[in-house]
Each structure stands twice: as structure tokens, then as C-alpha cells.
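Labels below follow one simple rule: chain letters A, B, ... track the order of the sequence lines, proteins then strands, and each chain is numbered from 1.
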Amino acid sequence: MARTLLDKIWSAHVVATREDGQDLLAVDRHYVHEGSFHAFGMLEHAGRAVRRPELTFAVADHYAPSAARPNPPMAADVAGMMVQLRGNAARHGVALLDLEDARQGIVHVAMPEQGLTLPGLTVVCGDSHTSTHGAFGALGFGIGASEVSHVLATQAIWQARPRSLRISVEGRLGAHVAAKDLVLAIIARIGAAGAVGHVIEYAGTAVRALSMEGRMTLCNMSIEAGGRAGLVGPDEVTFAWLEGRPMAPREAAWHAAVAGWRGLPTEDDAAFDGEVSLDGAAVAPSVTWGTSPETALPIGARIPDPAAEPDPVRRRTMEEQLRYMGLVPGAALEGTPVDRVFIGSCTNGRLEDLRAAAAVLRGRRASVPGLVVAGSTPVKRAAEAEGLDRVFTEAGLAWGEAGCSMCVGMNGDLVPPRERCASTSNRNFPGRQGPGSRTHLMSPAMAAAAAVEGRIVDVRRLA
Amino acid sequence: MVRGRGAVLDRANVDTDQVIPARFLRRPRGTGYGPYLFHDEPELLAAAAGAVVLFAGANFGCGSSREGAVYALADAGVRCVVAPSFGDIFAGNAGKNGLLTLALDEDATAALRAAVAGGGDVAVDLPGQTVTAGAVRLEFAIEPFRKRLLVEGLDDIGLTLLHAAALEDWAARDAAARPWMVPG
Ligand code: SF4
């Protein structure tokens, strides 16, 4: 029977099967961060050791300050998180990309960049956006703290076999339409729970045409549709991006690896449990209006009216979202004023993203405050080598050190209560960027355009 | 058997950032996470106050993988959440901490919700597989192994390590098949 990419990765990693049908999957890469302290605590409490430290990699990202390094000022409890991470990595022999390491960055930016995420691997991390790694044709999914402690101790994880959903996007994305717009359109189409229990495989000419950065953006937000993971079949684009990366296989090992990877993609006649298709050319720059990524709309749309929603729970949910966001039904989405912008995160903190934002900002001034934070220190250095940092600072935006920053505000970079933020991150949940913060998700180019105009605007007008 | 106040949260997509804001996740577990449950969500907090069983909207616990969301619910005394669907990671985390998640259609639970909204107590009998509120009783299905894990609170790392030989065999076979897999 013809097999999918998911089938191949899954069956290659099954170690045992339990009476309830769950499989024990071997884990090839386990990434940990400051927040993994709960799991290390459980491990130590049980007197257990890390089973395969050589497959475990740690990084400082969630609490990483955006102030200049070395020795950035840190609140005592943030500094404590760093100390804890260092201690856990050192005690268990786990390699750490520490705050001042030149390779540091958000786990979903830094690990691929180092060549650690490779096609066909199983990748887990105590972070839901581990779906990002699927861009390489690796099965990457987020897990909770108890599962992190289980993987530390066993290098394996029990999982029910997920269902499969193929999302095919044919045609070409329009000018100034990015992978972010595509994934927002997909989530709006299938809903925030549209892929619960499923692994999504993205296919079609529009997906093939994406760079690795774009594929990472796409897979990153699979979790916002409820997906267990996202996948893109590995191809020449994948191999070219990986070759020569510091931790990727080299020479004979590289050739052997690539030969194996060529056998991974889904076979022509393979069946999926679900199929969705979209026309790439129909995707417009997209922006969310509410407090779930599923509220994404094309920029030309109007804020919906709950009165038109027949389902009572949905209607209540919409009313609550409008109240929280301070918006009125029927108003045009374009023109909504914003108070600040954030450009960065594991969704849109890569070099291509910063270039797209800089292309809009070059020679212009932002009319609202904003923060640009590279997804990793190597991205930051590369952006500086191209002069992108100057484009941002000359426009009046702040240029921070790499980390999660204002995506989640754990390092203290917060959106003040009731302020409206145009953000390239992935979650517009209530309070996500700070208590009372109001988030509109969009692409880097759209966020840059919002910075210039001080309101949500179609970037195609500025181009 | 769990018995106590039931609460209805009639909102879809209640994410784990709403269940517990990020700023509390740095706290050690031992200090208790109960006070942070729905900390910035007064309406949800008021609805859930003192509840042992929550009847939530679709996709409850979506978003972040933070297990702190389960700690906050459990430490605040919630023992069971009933919803049409759950975030996958949240449901996994719940199971590891003895919090029962029951994925049941709105239609199936409409009568229970109505009974609970009237202020009545609710009882969840895991061994007997029933939820009861007033005169309304609903039977639910649960996979037997999952039930055993919840009822007996088994050490799952210990159970996995019973497969240590299989893990070693797999690693040896894999080292031959994919010698490039281990970095460096
Ligand atoms: S950038 Fe945001 S979504 Fe990504 S890992 Fe960091 S906190 Fe999570």
C-alpha cells in the first residue's frame, strides 16, 4: 500500500505497542529550554538520569532579555530561570546554547539553523510550536512537562497514531502575500480545532515554491489549527538549505543521509484521512480581528457581526472577543489604529522575515513605537551585516537581542493593557502579550506597513 | 467517585494562556498553582469558582503546551473537564496528572449542562463510567488502559523502562541504518 511521509517516519520509530494501541516512539531530537525546569525537577525527584544526553539540546529563549548583551539587566526571577537552565544542562551533560552563545536563539529557529533538525527525524520539545520542525519533513510535536521528563528518562514517548490531513495549495501566492498569510487563511478555513488529532501534510505547488523559512512559518502555526504536527515533504530546497550546517552530517554521511531522505516523501497513491484544498492565488494579506488565530480575515474584510451567528456558544465567544479587542461589528478591518508593532518570534523571526519588513520600512518612519527581535543571534548578525538593523532603527523601531520577547512577554517585553499591537507572532489569545493586550496577527510586511501608518493597512498600497 | 460543584464555561477555544498566564509558569510546582487559575479572566474565574467538574466549550486547552494549566486546574480542585474537544497536548498533560478529560458532544451533554447551570452538584464515577447531575445520568466510554492509568496512578516512566531491551535493540538497529543520526 502506498505510504505517506507520516507513515514512514512513524513506522521507522515504533519501539513497542501497548494494549491500548499507543506506540512507543523513539525520539531522535529532544530540545529543552528554561521552562523545562519542571521536567528536570520531576526527573531528579525520581532519581533518574537523562538517557541519551547526546540527543538532547538546550537553549535559552523564552526568558532571554532583549537588552544588549553581554550581561543584560534581568529581573531576579528571570535571571533565576537562566541559572536553573544552566544547572540542569550541566548536571545532565546536555549541550546548551546559552544566552551569550553565538548560536543562541528561539528553539524553533536556532536548532534548524544549526542543522540539528533533519528529514525523517522525530523531534519533541516542551513547546507547542515544535510543529515548526515539520518543514524539514521531520515529525515534530510539542509535549507537556511530564512527557518531557519521560523523554529525558527514556528517549521515547507513547503516542496514539494521529490521523492524517493533507492541505493542498495550488497556484502562486500573489505579490506581497507571504507564508504567514497562507497559514492564517488555512486556519480561518478549517478552524482552531480543525486539525485536532491530525498531522497536517502541506502539499501543492504554492507550498513547494516556499523557501525553508516560509515552510517553517507554515508548519509553525499548524498547532493553531489544533494540528499535532505539520509536515512538508523534503526536497532539493530542504537539502540545499541543510548542507554545510554546523551539526548536519558531512561528506559520506551527508550523501548517505540524502539518499535515504529521497525515499521519504508521500507516495502518489497514498490516502489521507482528510483532504482540504486552497487556491494560492486567492490568498490575500490577512489579519486577525479576535482572540483566536481562526479569526483571520483578508485585509479587505469587515469585522463580523455576532448577530448573524446562529450557534449560541460561537455567538457568545464572538461577543466576548469583540469586547476584549474593543472592536465594533461591521467596521472595516483596514484602518484599525494600532499602538505598537512587534516583529519577531518563532513564526516570523528569520532573515527572510526581517528582509520583508525592512523592504517596507526602508526610507520611511514608523508612526508608532515598535520592537524588532531576530529569532536567533545568527539571524541578528546576518541582518546587521545587511544593514537591516539600521533600516529599523532609522524608522524609529527598537532592535533587540534574539529570543521570544514580546510574543509571550516572559522576559518583560509586554504590550501594556488595552494597547493594540500589530504582531508577527502566532497567538492573539487574551493576555498573550501582556495582561489586557490586544494582538492582531499578520505577516512581517503587513506589520511594517502598520508601523508606518499607525493603523492596519494593506501593504500592497505602500509597495 | 468525584462529587461537587459543576460549572459551565460557555466559551469556545479557551486556551492555556487564559487558564494560566505565562508570568506564573516560573513558580515552583510545590507552592501550588491554584491561585493562578483563570487569573486574568474574571468571568471564567467567577464561573469556575469552587467547581470540581467543568463543562467547557470546544477545543478547551488549545494553544501552549504549558502543563501549568493542568496544575492550576488540579490545584484549584478541578477533577474533571467535559468538553466537545480538547487541545491534544492539554489532554495528554491532564492524563499525566490524574485530571479526567471527557470529550463529549454538546448534544450529549445538553441535559447535564442544564442541570448544572441550575446550581446542582455533579458526580463523576470513573470506575462506573457515569456522570450524574440531578436526575440526569450520562454513561461515557473510556479506553480501559487509560482508565487504569487514571485510577491506579501508575508510574509511566517505570512502565516504559520495562521496554528497556526493546529501546536498546531499536537504538542498535538505528545506529546501523542511520549512522548519521547522532550529531557530531
Ligand atoms: S516565539 Fe513565542 S510561540 Fe515561539 S517558542 Fe517563543 S514564546 Fe513560544
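Between chain A and the options B:S64, B:A22, B:G57, B:C62, heavy-atom pairs under 4.5 Å are most frequent for B:S64. Ranked by heavy-atom pairs under 4.5 Å with chain B, the first of A:I223, A:D77, A:L116, A:V408 is A:D77. Per-residue counts of heavy-atom pairs under 4.5 Å with chain B were compared for A:N426, A:V313, A:D28; the largest is that of A:D28. Taking chain B as the reference chain and counting heavy-atom pairs below 4.5 Å, the highest number among A:P430, A:P249, A:G80, A:A16 is found for A:P430. With chain B as partner, the option from A:P162, A:G197, A:A248 having the largest number of non-hydrogen pairs under 4.5 angstrom is A:G197.
Contact annotation for A:F57: only side-chain heavy atoms (C-beta onward) come within less than 4.5 Å of a heavy atom of chain B. Residue contact with chain B, scored on non-hydrogen atoms closer than 4.5 Å, involves the backbone and the side chain of A:E54 alike. For a residue to count as touching a neighbouring chain, one of its non-hydrogen atoms must lie under 4.5 Å from one of that chain's; by this rule A:V148 does not touch chain B. Of the atoms belonging to A:R316, it is side-chain heavy atoms, and not backbone ones, that fall under 4.5 Å from chain B. Within the 4.5 angstrom heavy-atom criterion, atoms from both the backbone and the side chain of A:S149 approach chain B. At a 4.5 Å heavy-atom cutoff, the contact between B:D40 and chain A is made by side-chain atoms alone. Interface residue A:S146: backbone and side-chain heavy atoms are both found under 4.5 Å from chain B. Interface residue B:A166: backbone and side-chain heavy atoms are both found under 4.5 Å from chain A. Of the two parts of A:H150, the backbone and the side chain both hold a non-hydrogen atom closer than 4.5 Å to a non-hydrogen atom of chain B. At a 4.5 Å heavy-atom cutoff, the contact between A:W158 and chain B is made by side-chain atoms alone. Heavy atoms of A:M42 lying under 4.5 Å from chain B belong exclusively to its side chain. A:R51 touches chain B through its side chain: at least one heavy atom from C-beta onward sits under 4.5 Å away, while N, CA, C and O do not. Looking at B:R148, the atoms closer than 4.5 Å to chain A (heavy atoms on both sides) all sit in the side chain, from C-beta outward. Neither the backbone nor the side chain of A:A39 comes within contact range of chain B; no heavy atoms are under 4.5 Å apart. Looking at B:N93, the atoms closer than 4.5 Å to chain A (heavy atoms on both sides) all sit in the side chain, from C-beta outward. When heavy atoms are compared at a cutoff of 4.5 Å, A:Y63 approaches chain B solely by way of its side chain, counted from C-beta outward. Only the backbone of A:P119 comes within contact range of chain B, judged by heavy atoms closer than 4.5 Å. With a 4.5 Å cut-off on non-hydrogen atoms, B:D155 touches chain A through its side chain but not through its backbone. Only the side chain of B:R23 comes within contact range of chain A, with heavy atoms under 4.5 Å apart. Interface remark: A:R29 contributes side-chain atoms only to the contact with chain B (heavy atom separation under 4.5 Å).
The distance from atom CG of A:L118 to atom CG of A:L121, rounded to the nearest 0.5 Å, is 5.0 Å.
B:R5 has its side chain out of reach of B:V116: every pair of non-hydrogen atoms, C-beta onward, lies at least 4.5 Å apart. In this structure the side chain of A:I143 reaches within 4.5 angstrom of the side chain of A:I157, judged on heavy atoms. At least one side-chain heavy atom of B:L73 sits under 4.5 Å from a side-chain heavy atom of B:F90.
Side-chain N/O atoms of A:T439 and A:Q433 include a donor and acceptor closer than 3.5 Å. Donor-acceptor pairing under 3.5 Å is lacking for the side chains of A:T288 and A:R427.
Of the possible polar contacts, none joining the B:N59 side chain to the B:N13 backbone as a donor-acceptor pair under 3.5 Å is found. Side chain of B:D15 to backbone of B:D17: a donor-acceptor contact under 3.5 angstrom is found.
A:E319 and B:R11 are not joined by a salt bridge, as no carboxylate oxygen comes within less than 4.0 angstrom of a charged side-chain nitrogen. Salt-bridge check for B:K96 with B:D156: passed, with a basic side-chain N closer than 4.0 Å to an acidic carboxylate O. Here B:E168 does not pair with B:R173 in a salt bridge; the nearest charged N to carboxylate O distance is not below 4.0 Å.
Geometric assessment of B:R29 against the ring of B:Y71 yields a positive cation-pi assignment under the 6.0 Å and 45° thresholds.
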